[in-house]
Structures are given as structure tokens and as C-alpha cells.
Amino acid sequence: LRIKVINPNTTATMTETIAAAARAVASPGTEIVAATSASGPVSIEGHYDEAVAAIGLIEQIRAGEAAGGDARPDAYVIACFGDPGLLAARELATGPVIGIAEAAMRAATFVATGFSVVTTLARTRVIAEHLVVAYGMERICRRVRAIDVAVLALDDPAGNARARLFEECRRALAEDGSGAIVLGCAGMAELAASLARDLNVPVIDGVAAAVKMAEALVGMGLKTSKHGDLAAPLRKTYVGSLAHLAPE
Ligand code: 5HY
């Protein structure tokens, strides 16, 4: 079973963190192929970053599908908490496409009656809030919080992201009526286990959740439905610098 895990931002070191988190939970028979978007924002921290990042994400999905035969991934993970390009990717992909935000939120619903999301910059909270509504989680997601650390500063020791994350999780558990925490950034993946230990509650990293969700769906023989609105994109002309993205 091959899962292509795509970091839609263009920071390779972040892809390494993501790939390590994916491989840490992958079953023995699962191959994790990690990819970094070839063009676009170095980090995704708002609607504009996300819109542009979707192009690089889609190019990675197209490359996977073009591999064809056995080389084609059995499933894809979009390793960015905004789940950029998720439905577009599902139109293109044969196998399941899982966004880390959706996977983490749905995993939380199995282990708690309420969860809080803790993400990076305050301005990206609204992106997670839109997903909460899109995924029908308004009642069970109690709050979306932010630690106000930039995505690329998460692994900067001077930024003390881990301490701020611990503090915000503690406040979430004390104030939100939440029983679990969803980490709102792919770059937080490596912190989930130690935070869970220190807080003694489920702390869910979307990369791990998405990999296991993908394994489960492929294991059930499920592929993305091509009946209805996730059917392949309509063939038409695309002009200009994006002409190469025209649906085949
Ligand atoms: C992510 N941004 O997971 C999101 C999360 C965030 O570049 N990778 C990014 O902080 O909005």
C-alpha cells in the first residue's frame, strides 16, 4: 500500500517532519512517499497563501495519477491544516484523498464529546473555523485557539512554541469543555505524543490520523467515488501559464 503524503508549502524541512510522523504510525506494509510542493508559498498562513498553494498541491496529485498502474499511489494525504485543494484533488484522484484537518477532527469525535483546535497564527483560526462548518463539526469543536507562532518558527528553540502550545492546550481543557486537542498545523506533528503524555488527554496530529484513515479506507477497498461531483474534471481548454493543468 503506497500513500503519497504531500506538503503543499515549499519548505522541505517541514516535509521531513511530516514524513517522520507519517512513517511512525504507518503499518509495516505501507510505503510513505513524501512530496513537497514545487512552487508556491514557503508556509501557508492565510487565504491567499492557501489559494496559491492549491496549484502546487494539484500538480502533485496529477503527478501521482500520471504514474499509473502499480506506481500510482493508493491514497493521498494533504499535509496542511487548511486541507487546501481537497475536493479538487478528489476529482483527480482514483484512491482516497485525506486532509489532515478533516482526519484529525473526525478522529477526535471517536475519543471525546468535544475538542479544541490549537493552531499557529491567530489569522489562520478562521480557516480552521470554516473547515469545522464544512465538516459539520460546529457542536463538537468547542473552540479554535492560536499560539501566535509562525508556521516556520515552530521548530525555532527561541520561539518556545512547545511551551506556548502546552499552555494553550491547558487553557482549552480548562475553559472549553473539550476532552481532546487537535493540533492545527502539520508542523506540530512531532509534538503530539509528548503533549498527550503531559496533558493526559488525546492530542491528535492530523498527519498520523490521515495516514491511518487512508490505510483503513484502502483496506476496505474504497476509492474516491466518480459518481456525482467528484467525477473527473470536465475536459476544456486552459490558456496561459496554467495551460498544462487542463484536464485530460
Ligand atoms: C500547515 N500552514 O499545516 C498550515 C497550518 C497553519 O504551512 N502548514 C502550513 O498553521 O495554518
Side-chain angles (χ1 to χ4, degrees), residues 4-22 34-61 76-86 89 97-108 115-135 141 143-156 159-162 164-165 168-169 172 181-192 195 203-211 213-214:
K4 184 172 184 179
V5 178
I6 304 163
N7 173 10
N9 74 37
T10 49
T11 298
T13 51
M14 206 164 148
T15 309
E16 286 158 27
T17 303
I18 291 163
T36 309
S37 188
S39 61
V42 291
S43 64
I44 298 164
E45 297 171 314
H47 304 291
Y48 186 83
D49 287 346
E50 195 164 292
V52 176
I55 297 292
L57 182 276
I58 283 165
E59 288 178 332
Q60 290 296 333
I61 303 282
Y76 298 88
V77 167
I78 300 176
C80 171
F81 201 77
D83 295 351
L86 180 62
V97 183
I98 316 284
I100 67 170
E102 183 174 14
M105 291 182 191
R106 295 199 188 286
F115 67 85
S116 296
V117 174
V118 183
T119 189
T120 53
L121 294 179
R123 71 171 294 167
T124 68
R125 286 180 45 226
V126 67
I127 294 177
E129 286 161 356
H130 285 175
L131 294 180
V132 166
V133 174
Y135 301 146
C141 177
R143 188 160 170 197
V144 175
R145 292 171 172 265
I147 59 172
D148 247 349
V149 170
V151 170
L152 297 185
L154 282 173
D155 53 3
D156 170 2
N160 73 356
R162 203 243 186 244
R164 294 166 77 129
L165 199 46
E168 201 60 35
C169 290
I181 299 290
V182 164
L183 296 180
C185 180
M188 296 176 178
E190 59 191 353
L191 300 172
L195 284 167
V203 174
I204 301 162
D205 148 49
V207 174
V211 167
M213 211 71 86

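Order of listing sets the numbers, starting from 1, for every ligand and every atom in it. Only heavy atoms go into these numbers, but all of them, side chains included; no hydrogens, no water, no symmetry mates.
Asp155 has its side chain out of reach of Met14: every pair of non-hydrogen atoms, C-beta onward, lies at least 4.5 Å apart. Within the 4.5 Å cutoff, the side chain of Ile181 has heavy atoms near those of the Leu183 side chain. Residues Cys141 and Val117 meet the side-chain proximity criterion, which asks for heavy atoms closer than 4.5 Å. Between Pro41 and Val52 there is a side-chain heavy-atom pair separated by less than 4.5 Å.
When all heavy atoms of Tyr135 and Met105 are compared, the pair lying nearest together is CD1-SD, 4.0 Å.
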When you check ligand 1 against the protein, what N or O pairs turn up below 3.5 Å? List the atom names and distances, or just say none.
unit_1	atom_1	unit_2	atom_2	d
ligand 1	2 (N)	Ile44	O	2.7
ligand 1	3 (O)	Phe81	N	3.0
ligand 1	3 (O)	Ala186	N	2.9
ligand 1	7 (O)	Asn9	ND2	2.9
ligand 1	7 (O)	Ile44	N	2.8
ligand 1	10 (O)	Thr120	OG1	2.6
ligand 1	11 (O)	Ile44	O	3.4

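Rounded to the nearest 0.5 Å, atoms CE (Met188) and CG (Leu154) are 5.0 Å apart.
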